[in-house]
Undergrad: 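Could you have a look at this structure, given as structure tokens, before my questions?
For ligands, and for the atoms within them, numbers begin at 1 and follow the listed sequence. Keep in mind the model is a prediction, meaning the values are calculated, not measured.
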Amino acid sequence: MADNVVEKDTVIIGSGPGGYVAAIRAAELGQSVTVIEKSDTVGGVCLNVGCVPSKALITAGHRLQQAKHSETYGITTKEATVDFTKTQAWKDEKVVKRMTNGVNMLLKKHKVELIQGEAYLDNDTQLRIMPAGPRQFMDNGGGQTIKFKNLILATGSRPVEIKGFKFEDRIIDSTGGLNLKQVPKELVIIGGGYVGTELAGAYADLGAHVTILEGTPQIIPNFEKDMVSVVKKNLEKKGVTIINNAMAKKGENSKDNVTVTYEVDGKEEKVVADYCMVTVGRRPNTDNFGLEMTSVKTTDRGLIEVDEQGRTNVPNIYAIGDIVPGPALAHKAFFEAKTAAGAISGKKTANDFIGVPAVCFTDPELASVGMTQAEAKDKGIEVSSAKFPFAGNARAVSLDAPEGFVRLIAKKDTGTLIGAQIVGPGASDLISELSVAVNCQLNAEDIALTIHPHPTLGEPIQEAADILIGYPTHI
Ligand SMILES: Cc1cc2nc3c(=O)[nH]c(=O)nc-3n(C[C@H](O)[C@H](O)[C@H](O)COP(=O)(O)OP(=O)(O)OC[C@H]3O[C@@H](n4cnc5c(N)ncnc54)[C@H](O)[C@@H]3O)c2cc1C
């Protein structure tokens, strides 16, 4: 038995979007909270090696492209170049560090105890904390032992490694892709999901030639084809080579490059690049911290089974974020965190996933919420839909960004909005209005009768609602 046995009330493993938000909410509700984080910074994947740094690189790419290509507006620059060391320093110091410092401050403000170390579960009421790294203490029971009243698991996920592509040298995961020292001349990305495609756009903007190898017939397959085709066209304009139905077979490192072998249409092909970034998905961190020592049940995909409050089959253990079913997105983790913290405090909270938006920060952005037409049809729901193009919107035209559209999906009988999709400028921000609409079951008339400021990118939403109620204005 280890020494240092201490009793704690609410313990949270992981300080990502799930963990730190659960900690804040639990503290707000009067709980005494301890967060255990093995990394030397708080914020998890999202703040350190995910959402936030990826958006910073995307911004840098956009700035470079704007500097290079503004002749249309009468603006020319002599020469626009990238000092990527500076770009990375800005991303790390001014963006990531600022946000993680902010989380640290918030945890302090809410008197959350933060312990750095790796948690390892002993059973349904006890865990050990060990210094992060190899578990040399595990067998002799070293480390500090905590007996907890309630536990929230928020251990997140890690990149999936595929056969033939061991992460080493020039074969990298998304974290490696975010932390390159130089803009590669040639970059191969295996996996054209949202992570791969966002970074493909960023590095293409920064000057790399990028090849995407995607196993399915479409990149970003979780968005509809007519939306993705707008993005695809733009990626191709940036010089990105997109190869669909491609099966990546092996990556071979040499001192100066990596050779990637893949198969397409039954033929074996090769591409040589500076780096090969593999972004084929993420695996939940449920297999590496002693979960098997507890009675917590997992699904066959290794996710933790939870009820609508995030409670596992063990009543005092909750799980949130990337380790439970549902989209692996930061804002979903935020929501589950508040629900679980509320449930521990005896509040009648519940997760309701009707209006979870999904966004892809490509150029232009993709965003969707609720059901697509096809999903509604599958469920036997009769719908009406309306599409308004950004080409008919003064603000989009004045921003020289007229590509894309807003589509609203409503129930045919009541006009209730059940879904929306946007591809176009500002889609990531615009989807919030439609998330409220879908979540609150507003109907098309509610949107049509809401005065939207002019000229703004939000107006196509009102215009699409006008179409749905039968009185289109600007189309
Ligand atoms: C490149 C990239 C871009 C992304 N972009 C977006 C985006 O734009 N929008 C979006 O919504 N989502 C995005 N995501 C997904 C998002 O990052 C995740 O959904 C989110 O981070 C999940 O939060 P979490 O709290 O479940 O886990 P994580 O953020 O993974 O945090 C888990 C934490 O637990 C810690 N931990 C794990 N095991 C232990 C242990 N045994 N002891 C102590 N600590 C432990 C880890 O160190 C980590 O800090 C992106 C992901 C990637 C990789």
Side-chain angles (χ1 to χ4, degrees), residues 11-23 34-58 96 100 103 114-121 127-133 135 138 143 146 151-160 172-179 189 191 193-200 202 277-291 303-304 310 318-337 340 356-362 365-367 428 431:
V11 174
I12 300 171
I13 308 181
S15 70
Y20 84 77
V21 169
T34 301
V35 171
I36 306 162
E37 171 55 61
K38 68 177 177 183
S39 162
D40 54 6
T41 51
V42 292
V45 167
C46 184
L47 264 64
N48 292 285
V49 290
C51 329
V52 176
S54 59
K55 265 79 266 177
L57 288 189
I58 289 168
V96 171
T100 54
V103 170
L114 179 62
I115 302 178
Q116 202 210 335
E118 188 161 359
Y120 191 87
L121 292 167
L127 59 79
R128 267 176 288 154
I129 306 174
M130 289 163 289
R135 289 200 195 91
M138 225 161 70
I146 291 181
L151 178 70
I152 302 180
L153 302 172
T155 50
S157 61
R158 62 183 188 274
V160 166
I172 54 178
D173 60 10
S174 55
T175 302
L178 288 166
N179 291 319
I189 297 179
Y194 83 90
V195 171
T197 309
E198 284 185 8
L199 287 178
M277 184 177 79
V278 182
T279 48
V280 293
R282 298 181 64 81
R283 153 199 306 272
N285 287 325
T286 50
D287 56 349
N288 49 9
F289 65 102
L291 192 65
L303 296 163
I304 296 177
Y318 293 72
I320 56 177
D322 283 7
I323 52 172
V324 300
L329 295 170
H331 44 280
K332 178 220 169 225
F334 289 154
F335 197 84
E336 291 169 335
V356 187
V359 168
C360 185
F361 293 80
T362 40
E365 294 174 344
L366 299 163
S428 59
I431 201 67

Undergrad: Below 3.5 angstrom, do we get any N/O pair linking Gly43 and ligand 1?
TA: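 There is no such contact.
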Undergrad: Does Arg158 have a non-hydrogen atom less than 4.0 Å from ligand 1?
TA: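 It does not, in that no heavy atom of Arg158 comes within the 4.0 Å cut-off of ligand 1.
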Undergrad: Answer yes when Arg282 and Asp173 have at least one side-chain N-carboxylate O distance shorter than 4.0 Å, and no when they do not.
TA: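 Salt bridge: no.
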Undergrad: Looking only at non-hydrogen atoms, find the nearest pair between Ala337 and Ala22 and report the distance.
TA: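 Between these two residues, the closest heavy atoms are CB-N, 3.4 Å.
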Undergrad: Could you tell me which non-hydrogen atom of Ser15 sits nearest to which non-hydrogen atom of Tyr20, and how far apart they are?
TA: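 So the minimum-distance heavy-atom pair works out to O-CD2, 3.6 Å.
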Undergrad: Assess Lys332 for proximity to ligand 1: is some non-hydrogen atom of it under 4.0 Å away?
TA: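 Not so, Lys332 does not reach ligand 1.
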Undergrad: Can an N or O of Glu118 be found at a distance shorter than 3.5 Å from an N or O of ligand 1?
TA: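 No; the residue has no nitrogen or oxygen that sits under 3.5 Å from a nitrogen or oxygen of the ligand.
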Undergrad: Looking only at heavy atoms, is any part of Glu198 under 4.0 Å from ligand 1, and if so is it the side chain, the backbone, or both, or is it neither?
TA: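 It is neither part, as no heavy atom is under 4.0 Å.
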Undergrad: Backbone or side chain, does any N or O of Ala119 fall under 3.5 Å from an N or O of ligand 1?
TA: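 Such a contact does occur with ligand 1.
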Undergrad: In terms of atom number and element, which parts of ligand 1 are under 4.0 angstrom from non-hydrogen atoms of Ser157?
TA: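 Checking each atom against Ser157, I get 30 (O).
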Undergrad: Atoms of ligand 1 less than 4.0 Å from Cys46 heavy atoms?
TA: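 Those qualifying, in numeric order: 17 (O), 21 (O), 29 (O).
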Undergrad: Is the closest N or O pair between Ala333 and ligand 1 shorter than 3.5 Å?
TA: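 N/O-N/O distance under 3.5 Å: no.
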Undergrad: Consider every N or O of Lys38 and every N or O of ligand 1, then say whether any pair is closer than 3.5 Å.
TA: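 It does: an N or O of Lys38 is found under 3.5 Å from an N or O of ligand 1.
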Undergrad: Considering only heavy atoms from C-beta outward, does the side chain of Leu127 approach that of Ile13 to under 4.5 Å?
TA: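 Sidechains of Ile13 and Leu127: in contact.
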Undergrad: If you take all heavy atoms of Asn48 and Gly43, which pair is closest and at what distance?
TA: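 Closest approach of Asn48 to Gly43, heavy atoms only: ND2-C, 3.7 Å.
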Undergrad: Check each atom of ligand 1 against the heavy atoms of Gly16 and keep those under 4.0 Å away; list them by number with element.
TA: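 This gives 25 (O), 29 (O), 31 (O) as the contact atoms.
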Undergrad: Decide whether an N or O pair under 3.5 Å exists between Glu37 and ligand 1.
TA: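 It does: an N or O of Glu37 is found under 3.5 Å from an N or O of ligand 1.
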Undergrad: Please determine which of Ile304, Asp322, Leu303 meets the side chain to side chain contact (heavy atoms under 4.5 Å, CB included) test together with Thr286.
TA: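 Checked Ile304, Asp322, Leu303 against Thr286; only one passes side chain to side chain contact (heavy atoms under 4.5 Å, CB included): Ile304.
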Undergrad: Return yes when Phe361 approaches ligand 1 closer than 4.0 angstrom through a heavy atom, no otherwise.
TA: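 Right, Phe361 reaches ligand 1.
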Undergrad: Can you find a non-hydrogen atom of Pro53 under 4.0 Å from ligand 1?
TA: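 The answer is no: ligand 1 sits nowhere under 4.0 Å from a heavy atom of Pro53.
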Undergrad: Residue-level breakdown please: for Ile13 versus ligand 1, do any non-hydrogen atoms fall below 4.0 Å on the side chain, on the backbone, on both, or on neither?
TA: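 For Ile13, only side-chain atoms sit under 4.0 Å from ligand 1.
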Undergrad: Which of the listed options, Phe289, Phe334, Tyr194, holds the heavy atom that is closest to atom 50 (C) of ligand 1?
TA: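 Answer by nearest heavy atom: Tyr194.
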Undergrad: What's the separation between atom CD1 in Ile320 and atom OG1 in Thr155, rounded to the nearest 0.5 Å?
TA: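 The distance works out to 9.5 Å.
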Undergrad: Donor-acceptor pair, Thr279 side chain versus Gly191 backbone, under 3.5 Å?
TA: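 Yes, Thr279 side chain to Gly191 backbone: donor-acceptor pair under 3.5 Å.
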Undergrad: Which ligand 1 atoms does Gly44 reach within 4.0 Å, using its non-hydrogen atoms?
TA: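 In order of number, 29 (O), 31 (O), 48 (C), 49 (O).
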Undergrad: Determine whether Val35 and Val42 make a side-chain contact, defined as any pair of heavy atoms from C-beta on separated by less than 4.5 Å.
TA: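 Val35 vs Val42: side chains apart.
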Undergrad: Which atoms of ligand 1 have any heavy atom of Gly321 under 4.0 Å away?
TA: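 The list of qualifying atoms is 26 (O).
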Undergrad: Is there a polar contact, in the sense of an N or O pair closer than 3.5 Å, between Asn285 and ligand 1?
TA: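 So ligand 1 has no N or O lying under 3.5 Å from an N or O of Asn285.
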Undergrad: With atoms numbered from 1 as shown, which atoms in ligand 1 lie under 4.0 angstrom from a non-hydrogen atom of Ala154?
TA: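 Selected atoms, number and element: 32 (C), 33 (C), 34 (O).
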Undergrad: Taking atom 4 (C) of ligand 1 as the point of reference, which of Gly326, Pro327, Cys51, Gly196 owns the nearest heavy atom?
TA: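 That would be Cys51.
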Undergrad: With atoms numbered from 1 as shown, which atoms in ligand 1 lie under 4.0 angstrom from a non-hydrogen atom of Ile36?
TA: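 Near Ile36, the atoms of ligand 1 are 43 (C), 44 (N).
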Undergrad: Using a 4.0 Å cut-off to any heavy atom of Val195, which atoms of ligand 1 qualify?
TA: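 Counting atoms of ligand 1 from 1, those under 4.0 Å from Val195 are 1 (C), 2 (C).
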Undergrad: Quick one: closest heavy-atom pair of Tyr318 and Ala340, and the distance?
TA: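 The pair with the smallest heavy-atom distance is CD2-CB, 4.0 Å.
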Undergrad: Under a 4.5 Å cut-off applied to non-hydrogen side-chain atoms, are Val324 and Lys332 in contact?
TA: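 Counting from C-beta outward, Val324 and Lys332 do come under 4.5 Å.
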Undergrad: For the residue pair Leu178 and Ser54, establish whether any side-chain heavy-atom pair is separated by less than 4.5 Å.
TA: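 Yes; the side chains approach each other to less than 4.5 Å.
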Undergrad: Under a 4.5 Å cut-off applied to non-hydrogen side-chain atoms, are Phe289 and Leu153 in contact?
TA: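 Heavy-atom side-chain distance check passes, below 4.5 Å.
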Undergrad: Answer with yes or no whether Tyr120 contacts ligand 1, where contact means a heavy atom under 4.0 Å from a ligand atom.
TA: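 For ligand 1, residue contact (heavy atoms, under 4.0 Å) with Tyr120 is absent.
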Undergrad: Looking at Arg158, I want to see if its CZ is surrounded by more than 12 non-hydrogen atoms of other residues, nucleotides or ligands under 6.0 Å.
TA: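 Buried by this count: over 12 neighbours within 6.0 Å.
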